[in-house]
2 protein chains.
Amino acid sequence: MAAEAGLSRERVLRAAVAIADERGTAGLTMRSLAASLGVEAMSLYHHVANKEAVLDGLVEVVMGEIEEAVAGLDAPAPEEDWRTAMRMRVLAAREVLVRHPWAPGVFESRTGTSLAVARYYDGVLGLMVRGGFSYELGHRALHALGSRALGFSQELFEPDGMEAPEEALAAMAEAVPHLVAMIADASHGGALLGWCDYQAEFEFGLDLILDGLERLRGKV
Amino acid sequence: MAAEAGLSRERVLRAAVAIADERGTAGLTMRSLAASLGVEAMSLYHHVANKEAVLDGLVEVVMGEIEEAVAGLDAPAPEEDWRTAMRMRVLAAREVLVRHPWAPGVFESRTGTSLAVARYYDGVLGLMVRGGFSYELGHRALHALGSRALGFSQELFEPDGMEAPEEALAAMAEAVPHLVAMIADASHGGALLGWCDYQAEFEFGLDLILDGLERLRGKV
DNA sequence: ACCTGAACACCGTTCAAGT
DNA sequence: ACCTGAACACCGTTCAAGT
């Protein structure tokens, strides 16, 4: 409320993260950001170039948290067990993203490659090279992993996210018979609540890719 | 220019696709959309509820093109060769998306599940079930594929997209040594131009997942 | 140097009015 | 019924002015 002077880029970005955590990125405007700091919107422009720079800064902050989480890991040396080392790294990144559900959307919105993201992928590649990957296979692996290396994947279709998937799908039963059957199959025991474990699904997809890469390691 | 009367939802959506194709979604506003139809912005609201409905309609149009492409495929019966059938379907979808580079971004921006997208995933699931998948494994496969089933994957880090990756990365060489070495390795022959083939990388990632699923088919 | 108020050029959208 | 003009409540951002 009261304007504590001494604004700084860091303070602006911390406030932006707080707003995004509470209200999502839709609620993050230059005016709301300024208000949360007890200041006028125009004051922000002395510390960040514009709103795009604020979003870039958001990526930096999240990547900082991820790097911190990765650094605190007690992972095996990649030379010993690259797969476990990679798995732990990705799941540590995922834990950070769970705290900032808006982060994937902001990552995707950035067109240029940020240094912080490049540095993270450099670490992922370094891990694989130490684990016995050629640069060529490492390159392909980065593409194959895509955003999964950072702990999230794109879900375009989420029957699980529906409030009442059974009713919703029943309404369009003839249009999507297999999805209806799939849910019926999953709920054969009775309760449908939480029938889909996102964390387990993420790990399944991740393991599928890591297993595939392990099979190619040393051969390509 | 001259207002040809006889606006309709379909005509509005076709115009919206044309604008997105030419200028990207940033250039798609209710005002620009109306102008391209020789009409005032407010006229649009007689045919679409609001801008969100326009974006939903964009998804419908693209999904329609994808379903059309899939229907025209001469793919093997899933019972005979589910992997080839799936591969052809995904790559056909990808060809449509290449024509509409803005589409992935719009897909991601939709929170609710659209009927058109649900129908597509229903087809994917049906293909797998006919190919010998249990509903349980089919469910996991849908998650593992994610947006890849529709022909695109999330690339958060694209050194390839840089105009001059060598110089750009050289500037931050000490921060990302492995990425620099990877590019040096890829350009050992000389020309770096087109060193990364996005289509090939997409197919590599897709095959990695399809191979993994094939190994589990019938066992889970 | 840092912060501010008023203003500008945009948005999506409501509303009352036209035909 | 369909289309319109003016207006409203927002955006991000520029600019000249304050301290």
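Below, chains carry the letters A, B, ... as their sequence lines are ordered, and counting in each starts from 1.
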Self-check item: Distance, rounded to the nearest Å, where A:M30 contributes CE and D:dC10 contributes C1'
Solution: 16 Å

Practice problem: Write down the distance between CG (A:L7) and P (C:dA1), rounded to a whole number of angstrom. | Solution: 17 Å

Self-check item: Within 45° cone and under 6.0 Å: B:R94 NZ/CZ vs B:F152 ring
Solution: no

Self-check item: Qualifying residues under salt bridge (charged side-chain N to carboxylate O under 4.0 Å, His left out), relative to A:E67, sequence neighbours excluded
Solution: none

Quiz item: Is B:M42 touching bases, backbone alone, or none of the nucleic acid, heavy atoms closer than 4.0 Å?
Solution: base

Self-check item: hbond_proxy A:H46 side chain to C:dC2 base (donor-acceptor, 3.5 Å cutoff)
Solution: no

Quiz item: Is a side-chain donor-acceptor pair under 3.5 Å present for B:H100 with B:E65?
Solution: yes

Practice problem: Supply the atom-to-atom distance B:L58 CG to B:R14 CZ, rounded to the nearest 0.5 angstrom. | Solution: 13.5 Å

Quiz item: Any side-chain N or O of A:H47 under 4.0 Å from OP1/OP2 of C:dC3?
Solution: yes

Self-check item: By salt bridge (charged side-chain N to carboxylate O under 4.0 Å, His left out) - contacts of A:R31 (at least two apart)
Solution: none

Quiz prompt | Separation between CH2 of A:W102 and CG of A:L97, rounded to the nearest 0.5 Å | solution = 9.0 Å

Exercise. Give the rounded distance in Å between these two atoms: CG of A:L28 and C1' of D:dC10.
Key: 15 Å

Exercise. Using the six-membered ring wherever Trp is involved, compare the ring planes of B:Y198 and A:H143 and label them parallel, tilted or perpendicular (cut-offs 30° and 60°).
Key: perpendicular

Quiz prompt | For atom CG of A:N50 and atom P of D:dC11, their distance in whole Å | solution = 17 Å

Quiz item: Between B:Y45 and C:dT13, is there a side-chain N or O to OP1/OP2 distance below 4.0 Å?
Solution: yes

Quiz item: Rounded to the nearest Å, what distance is computed from the NZ atom of residue B:K51 to the C1' atom of nucleotide C:dC10?
Solution: 12 Å

Exercise. Identify, with sequence neighbours excluded, every residue that meets side-chain hydrogen bond (donor to acceptor under 3.5 Å, both in side chains) alongside A:E203.
Key: A:R87, A:Q199

Quiz item: Whole Å only: how far is the CG atom of B:L33 from the C1' atom of C:dC11?
Solution: 14 Å

Quiz item: Hey, can you pull the residues of residues 15-26 of chain A with a non-hydrogen atom under 4.0 angstrom from DNA chain D?
Solution: none

Quiz item: Using Watson-Crick pairs (N1 to N3, plus N6-O4 or O6-N4) and G-U wobble pairs, both distances under 3.5 Å, which stems of at least 3 pairs involve DNA chain C?
Solution: C:4-8 with D:12-16, C:12-16 with D:4-8

Quiz item: Between B:S43 and D:dC2, is there a side-chain N or O to OP1/OP2 distance below 4.0 Å?
Solution: no

Exercise. Report the residue (A:E40 or A:R31) whose heavy-atom-nearest nucleotide on DNA chain C is the more 5′ of the two.
Key: A:E40

Quiz item: Quick one: side-chain hydrogen bond (donor to acceptor under 3.5 Å, both in side chains) partners of B:N50, sequence neighbours excluded?
Solution: none

